[in-house]
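For clarity, every value in this text was computed on a predicted model and none was experimentally measured.
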Amino acid sequence: MDDQLYRQPVFRVFQIFLIIFTVLAGSIFAQDPAIGLTDSADVFVPAPPGAVKATDVVYDQGGAVDLEWELSPDDDGSLKVSGYYICRREVGGEDYRLVDSVMAGVRTFVDETVEQDHTYQYMVAVNGDCSTAPSEESNSITPDMEWLNFGLSNLFIIGLVICGSVIYFIAHAKRGKKFFIRKIAGLEAVDEAIGRATEMGRPILFVPGILDMDDVQTIAALTILGRVSRVVADYDTKINVPVSRSLVMTAARETIKSSYMAAGRPDAYSDDMAAYITDEQFGYVAAVDGMMVREKPATCFLLGAFFAESLILAETGNSIGAIQIAGTARPAQLPFFVAACDFTLIGEELFAASAYLSGEPKQMGSLKGQDVGKAIAMVFIVLGVITTTLAQAWDIGVFTWISDLLHDLFQVTS
Amino acid sequence: MKRQVALLITLFIGTLLVVSVFIPPMESLKETFTLFFDIIAVFAFFLGGGNLLRVHLTKLSKRKQDWVYSIVTLVGFTVVLVIGLFKLGNPGGIAASPTAEGSLFQTLFDNVLVPLSSTMYALLAFFVASASYRAFRAKNREATILLIAAFIILLGRTPFGMMLTSWVPNSLSILQIPNLAIWIMNSANLAGQRAIMIGIGLGVVSMSIRIILGIERTYLGEEK
Amino acid sequence: MKKEFLVYIGILILAIILYFFVTEPVTFSPTVSLIIIGLIGLALVLIFVRTIMGKLVGRRTVFSFVAISVVVPFFMTVEQPIQTSPEVQSLYQAVLDLKPGSKVLVSFDYDPPSAPELQPMAETFFSLCLERDLRIIIMGLWPQGPQQAEMALQKVMDEPAIASKNYRYGIDYVNLGFQVGNEFVIQRMGDDISSMFQTDYYGTPYDSLPLMRNITNFSNIDFSFNLSAGYPGTVEWVQVAVDRYGVDLGAGNTAVQAPQMYPYLRAGQLKGLLGGLNGAAEFEKAAGRIGKGTKFMVSQSFSHVIVIAFIIIGNAAFFLGERRRKEEVVE
Amino acid sequence: MDAIGLWIGAFLTLGIMSFLYKDNPWYKLSESIFVGVSAGYWFITLFWDSIYSKFYIGVSQEGDNYLYVGAILGLMMLMRLIPKVGWISRWPLAFIVGAISGFYLINYFSSNIMRQVANTVMPLFSTDYGQSLFSASVGTIIDNILVAGGTFAGLVYFFFSKEHKGAFGATAKVGIWVIMVTFGATFGYTVMSRMSLLIGRMDFIFGDWLGLIK
């Protein structure tokens with residue numbers, strides 16, 4: 001987390017730097033031909049690169065051109081050639097300007113600084129120690145914009161199938177069809193855990209992770225909070241939701257409030273149930289740890305996006321003997337929850353939880369739909385592994401065809 | 001009705017973003033929404049920060065338990081706000097970046113926040129130890145497997161791993177703990193990771209659909 | 001409440017004494033160190049026995065053991081048997097083979113969180129270079145890198161052996177500072193270093209640094225060393241500086257990252273590699289220098305032993321039929 | 001100044017550490033400082049980063065007037081402060097949740113489902129797709145089988161709509177074992193890398209601050 005925090009500006013500066021450099025290098029290049037002309041014996045001038053081919057990048061906003069050229073014969077890994085300059089001009093427009101430079105050995109470049117529906121020509125100049133040799137002019141090219149990205153049609157098809165199956169089963173359930181859903185231990189325990197807190201007269205702590213609303217795990221956590229606070233309202237127990245983002249606080253309050261209304265006890269709701277602490281990762285952890293040891297909650301829910309703090313929170317909760325139900329979709333943190341908590345929702349279970357707890361048929365339907373997705377994935381894995389293996393063993397046309405098809409089907413471009 | 005509008009917004013925006021992926025002209029939509037989000041987040045802070053002040057002020061006025069510490073929090077909060085907003089003690093003045101080298105704001109960060117957060121982070125070392133002590137028990141088959149895998153990796157990353165199995169002939173070098181550790185890392189470990197990731201993918205897809213279709217609406221209130 | 005404040009005052013007094021009156025570094029003699037180790041071992045055995053008798057220890061006991069295992073080695077003079085692994089030895093050799101006056105480029109690509117592992121490597125490397133009259137050129141691809149370099153350099157410069165040689169900034173060593181742009185920077189440096197570093201860390205123009213005057217690009221650099229905690233780091237240096245410009249490169253990495261570098265080592269793209277505290281310690285051994293790496297290494301191994309020991313104890317306890325968690329928690 | 005900085009740093013470090021023994025005034029003090037200062041710090045960074053650099057500069061200099069939409073949504077958020085029209089704050093909320101759901105639906109779909117399946121589909125007796133058969137060692141073959149089979153079993157474990165019984169239940173069991181190996185591996189891996197953090201802090205206390213170690 002803190003990593004990203006200070007690296008973002010770095011990248012912003014980098015972009016600015018890039019622009020500055022382009023200009024700078026541009027001026028360098030402007031003089032270079034002059035040097036190239038003084039072609040005395042002691043100045044080595046590398047042989048120019050071969051034909052430059054420019055093609056429009058498909059399925060984009062018309063803002064990019066693909067370039068490809070043959071390396072200069074002198075670019076043979078020896079250090080005679082240090083790189084290539086990419087130059088561009090608008091047909092019928094000004095003369096060649098430097099776009100960017102690439103290292104020696106590179107034979108392709110994507111120019112993303114072009115404008116839609118303008119016609120350009122390119123030239124690639126090889127760069128020796130103190131001389132450059134420009135290539136022939138490239139074909140002229142006019143980048144244009146497509147309205148549909150057919151490069152993603154496989155994503156579209158499979159997406160349609162899986163999303164379709166989810167929606168189908170939701171609709172199916174609406175018509176009153178009942179599905180069997182296996183028991184998920186962590187979620188079965190929720191009622192009991194809340195009941196325990198009620199008996200002991202101790203509060204419940206609900207930590208919705210440390211990321212903002214722009215992370216699905218936080219949203220999943222809130223949907224679960226909705227179910228939990230509903231039960232809490234019925235049991236009339238105290239619930240604390242410390243959060244590390246203001247937006248999450250607002251959303252959490254909205255969620256709890258409506259659950260209390262649904263339970264018919266809006267009077268019992270108070271805004272203090274969800275309180276913002278601080279955005280700082282470990283500052284938040286310090287505060288929550290303090291809360292744990294002071295208020296001694298009987299039950300802790302740690303659901304959402306967690307990083308290094310996962311174990312710090314789980315261990316503290318464990319030390320006060322609270323029942324802990326944890327869940328996250330971050331594989332790196334799951335082991336710590338498994339080690340220190342009573343129940344852990346592993347990845348997918350976190351997102352399924354709210355549907356499971358709701359008990360509504362249509363929500364259950366969506367889970368059934370998910371399983372279809374899993375089935376599809378499994379079938380493709382088995383089929384794919386077998387066919388690719390056979391295809392390579394005895395290169396039988398049909399298997400090669402199938403395995404290639406599967407690969408094309410699941411390769412995601414972009 | 002108020003809530004119907006909200007649900008419609010979710011439906012519309014959600015669908016729009018899904019569709020936009022397949023329509024190049026709408027590519028930039030994502031960035032736009034991220035920008036909006038950042039802006040909204042700052043506005044929301046007025047609620048969060050306001051709440052922070054409210055909570056501690058009430059604690060103070062009601063002389064609740066530990067009210068003294070509320071003073072500390074309040075002072076710290078306001079001082080930083082003032083320093084940061086008016087860029088006090090910043091060599092570059094109001095024009096400079098708030099975190100400019102040598103600015104009071106940056107000094108505060110280096111001398112107060114850095115030690116605090118790095119120490120909090122370092123507590124992990126203790127908790128890792130106590131957790132392994134308690135949790136790594138061969139309670140049942142699952143726990144045993146976890147224990148063994150963890151133990152091998154653990155040893156594999158220390159000199160002892162090498163010492164323990166240095167006698168193993170190189171023909172069976174895979175059985176030397178460090179190699180064993182590496183092998184676990186990129187075979188079984190990989191498989192587990194993938195299964196979990198695919199599962200998560202499906203979970204997210206199905207939850208997003210529920211939300212976009214307005215079936216999952218707890219976050220907006222369950223008005224029955 | 002009262003009691004606590006007495007404790008605080010005690011700590012404060014202790015701190016003041018240690019801060020103002022104990023000015024010399026503290027070290028235990030080997031015998032004392034051995035005795036301490038023995039005591040710790042004994043304590044562990046005791047805990048083991050108690051556990052078998054059904055008395056589980058609480059977390060605080062575990063905590064204190066971890067703390068002791070980390071802190072005590074700081075003051076000990078015992079070195080654990082370290083055998084320098086080939087990749088470390090080869091790095092040391094590579095530096096030895098450099099003629100006095102050769103120019104060494106050191107890139108600091110990490111920030112404070114990784115300092116415990118990488119700082120010792122930096123110190124050893126600097127002292128090694130300065131002992132052998134090599135010229136040092138410092139740079140950083142991470143914003144806080146050059147800062148870390150300054151600290152390491154200062155520390156080494158203060159050592160009498162080095163201080164006596166009174167090296168001068170700009171002639172014997174320079175700090176070019178941080179440059180934004182990741183591998184792009186390395187690529188441009190292959191062409192022209194001054195284009196990336198118009199001025200040094202202190203704002204002195206490139207050309208007015210005597211050392212840099214006749215250095216245009218990598219071809220004027222005799223050896224290059226990179227301390228890395230992630231991206232950009234060793235991978236980028238190998239891919240650009242080594243593969244494209246044939247630079248001789250050695251690297252120091254965090255323990256987490258090191259395993260991914262071995263392919264480069266085998267392919268000979270890296271002249272040597274230091275991985276984590278082990279690497280730092282081995283490097284110090286090779287260079288015949290007791291630095292923090294060795295100390296920290298002992299701390300780390302100690303704490304690892306403790307963790308492993310407690311896992312074993314925990315399981316022993318379990319197999320002797322302790323099942324419920326309540327006894328384990330809060331003593 | 002440095003000395004003061006050191007003492008402050010040490011004071012706070014020890015304050016946080018003291019929590020390991022038990023909650024106490026020193027920790028409470030450090031904690032409240034931490035919360036207050038960091039909350040302020042984050043708001044300031046957010047403010048200059050988003051409102052000033054992105055919004056103000058964007059609108060006033062680049063003339064990106066569409067940014068006002070974001071501002072309006074933000075203001076709607078603030079309506080919560082006025083109970084009468086508080087309900088309107090649900091709209092920006094709905095906007096965010098909708099946007100995030102839509103965005104992540106595709107995002108996770110391609111990166112988590114498609115890509116992972118594609119990576120798992122590879123010939124068992126070879127190191128990689130498109131290589132000649134038996135180009136791999138026995139070890140790799142076992143690995144390939146393990147990865148493919150393990151992924152499969154793991155997925156079986158996650159099935160919700162089928163009781164874990166019989167052959168299916170057995171596969172699910174294997175699945176959870178694979179997942180447990182993953183967890184064990186991750187845990188073991190991190191235990192080791194965490195210690196150096198503590199070493200760093202202790203070095204600060206005994207080295208930088210007290211100067212007891214050289």
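- Note: Leu47(B) leads Leu47(B), Val82(B), Leu190(B) in heavy-atom pairs under 4.5 Å with chain D.
- Of all the listed residues (Gly192(B), Ser132(B), Gly201(B)), the one sharing the greatest number of non-hydrogen pairs under 4.5 Å with chain D is Gly201(B).
- Between chain D and the options Met197(B), Met207(B), Gln193(B), the largest number of non-hydrogen pairs under 4.5 Å is found for Met197(B).
- Phe127(B) touches chain D through its side chain: at least one heavy atom from C-beta onward sits under 4.5 Å away, while N, CA, C and O do not.
- Of the residues considered (Val69(D), Val156(D), Leu14(D)), Val69(D) shows the highest number of contacts with chain B, using heavy-atom pairs under 4.5 Å.
- Of the listed residues (Asp64(D), Ile199(D), Leu67(D)), the one with the most heavy-atom contacts under 4.5 Å to chain B is Leu67(D).
- At a 4.5 Å heavy-atom cutoff, the contact between Trp48(D) and chain B is made by side-chain atoms alone.
- For the pair Lys162(D) and Phe168(D), the cation-pi test (distance below 6.0 Å, angle within 45°) is passed.
- Between Trp42(D) and Phe45(B), the ring center distance fails the sub-6.0 Å criterion.
- The distance between the ring centers of Phe109(B) and Tyr41(D) falls below 6.0 angstrom.
- Counting heavy-atom pairs under 4.5 Å between each of Leu146(D), Ile72(D), Ile179(D) and chain B puts Leu146(D) at the top.
- The contact between Asn119(D) and chain B is made by backbone and side chain atoms together, counting heavy-atom distances below 4.5 Å.
- With chain D as partner, the option from Pro115(B), Gly76(B), Gly199(B), Ala143(B) having the largest number of non-hydrogen pairs under 4.5 angstrom is Pro115(B).
- Residue Leu74(B): no heavy atom, backbone or side chain, is found under 4.5 Å from chain D.
- Between Ser206(B) and Arg210(B), the side chains place a donor N or O and an acceptor N or O closer than 3.5 Å (distance only, hydrogens not considered).
- With a 4.5 angstrom heavy-atom cutoff, Leu116(B) touches chain D via backbone and side-chain atoms both.
- Contact count against chain D (heavy-atom pairs under 4.5 Å) is highest for Leu85(B) among Ile83(B), Leu11(B), Val19(B), Leu85(B).
- With chain B as the partner, the residue from Gly150(D), Ala10(D), Ala39(D), Gly154(D) showing the most heavy-atom pairs under 4.5 Å is Ala39(D).
- Two rings, from Phe151(B) and Phe187(D), have their centers 6.0 Å or more apart.
- For chain D, the nearby part of Val204(B) is the side chain; its heavy atoms alone come within less than 4.5 Å.
- Using a 4.5 Å cut-off on side-chain heavy atoms (C-beta onward), Ile13(B) and Phe33(B) make contact.
- Using a 3.5 Å distance cut-off with no hydrogens or angles, the side chains of Asn24(D) and Ser18(D) do pair a donor with an acceptor.
- In this structure, the portions of Ile198(B) lying under 4.5 Å from any heavy atom of chain D include both its backbone and its side chain.
- When the candidates Ala131(B), Ser187(B), Gly50(B) are compared by the number of heavy-atom contacts under 4.5 Å with chain D, Ser187(B) comes out ahead.
- The shortest side-chain heavy-atom distance between Arg217(B) and Arg3(B) falls under the 4.5 Å cut-off.
- For a residue to count as touching a neighbouring chain, one of its non-hydrogen atoms must lie under 4.5 Å from one of that chain's; by this rule Leu75(D) touches chain B with backbone and side chain alike.
- Of the two parts of Tyr27(D), only the side chain, counted from C-beta on, holds a non-hydrogen atom closer than 4.5 Å to a non-hydrogen atom of chain B.
- Side-chain polar atoms of Glu216(B) and Thr218(B) form a donor-acceptor pair below 3.5 angstrom.
- For Phe77(B) and Phe43(D), the ring centers are positioned 6.0 Å apart or more.
- Looking at Arg201(D) and Thr13(D), their side chains do bring a donor and an acceptor atom within 3.5 Å of each other.
- With contacts defined as side-chain heavy-atom distances shorter than 4.5 Å, the pair Val72(B)/Val68(B) does not qualify.
- Residue contact with chain B, scored on non-hydrogen atoms closer than 4.5 Å, involves the side chain of Ile176(D) exclusively.
- The two residues Phe103(D) and Leu17(B) make their nearest non-hydrogen contact at N-CB, 4.1 Å.
- When heavy atoms are compared at a cutoff of 4.5 Å, Ile184(B) approaches chain D solely by way of its side chain, counted from C-beta outward.
- Using a 4.5 Å heavy-atom threshold, the side chains of Lys54(D) and Asp38(B) count as touching.
- By the salt bridge (Lys or Arg N to Asp or Glu O under 4.0 Å) test, Asp66(B) pairs with Lys28(D), sequence neighbours left out.
- For Leu155(D), the parts lying near chain B are the backbone and the side chain together; criterion is any non-hydrogen pair under 4.5 Å.
- Proximity to chain B involves both the backbone and the side chain of Tyr66(D), based on heavy atoms less than 4.5 angstrom apart.
- For chain D, the nearby parts of Leu202(B) are the backbone and the side chain; heavy atoms of each come within less than 4.5 Å.
- Both the backbone and the side chain of Leu81(B) have a heavy atom closer than 4.5 Å to some heavy atom of chain D.
- Annotation: side chain of Glu142(B) is in contact with side chain of Lys173(D) (closest heavy-atom distance under 4.5 Å).
- Contact of Leu29(D) with chain B is made through backbone and side chain together, with heavy-atom distances under 4.5 Å.
- For Val18(B), the parts lying near chain D are the backbone and the side chain together; criterion is any non-hydrogen pair under 4.5 Å.
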Verdict with reasoning, Arg194(D) to Tyr121(B), per side-chain hydrogen bond (donor to acceptor under 3.5 Å, both in side chains)
CA-CA 9 Å; Arg194(D) 292 305 180 216; Tyr121(B) 197 0; 3.0 Å; yes
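- For chain D, the nearby part of Leu35(B) is the side chain; its heavy atoms alone come within less than 4.5 Å.
- Of the atoms belonging to Phe158(D), it is side-chain heavy atoms, and not backbone ones, that fall under 4.5 Å from chain B.
- Side-chain polar atoms of Arg194(B) and Thr151(D) form no donor-acceptor pair below 3.5 angstrom.
- Most heavy-atom pairs under 4.5 Å with chain B: of the set Val35(D), Ile96(D), Leu46(D), this distinction falls to Ile96(D).
- Residue with the most contacts toward chain B among Gly58(D), Ser30(D), Gly70(D): Gly70(D) (heavy-atom pairs, distance under 4.5 Å).
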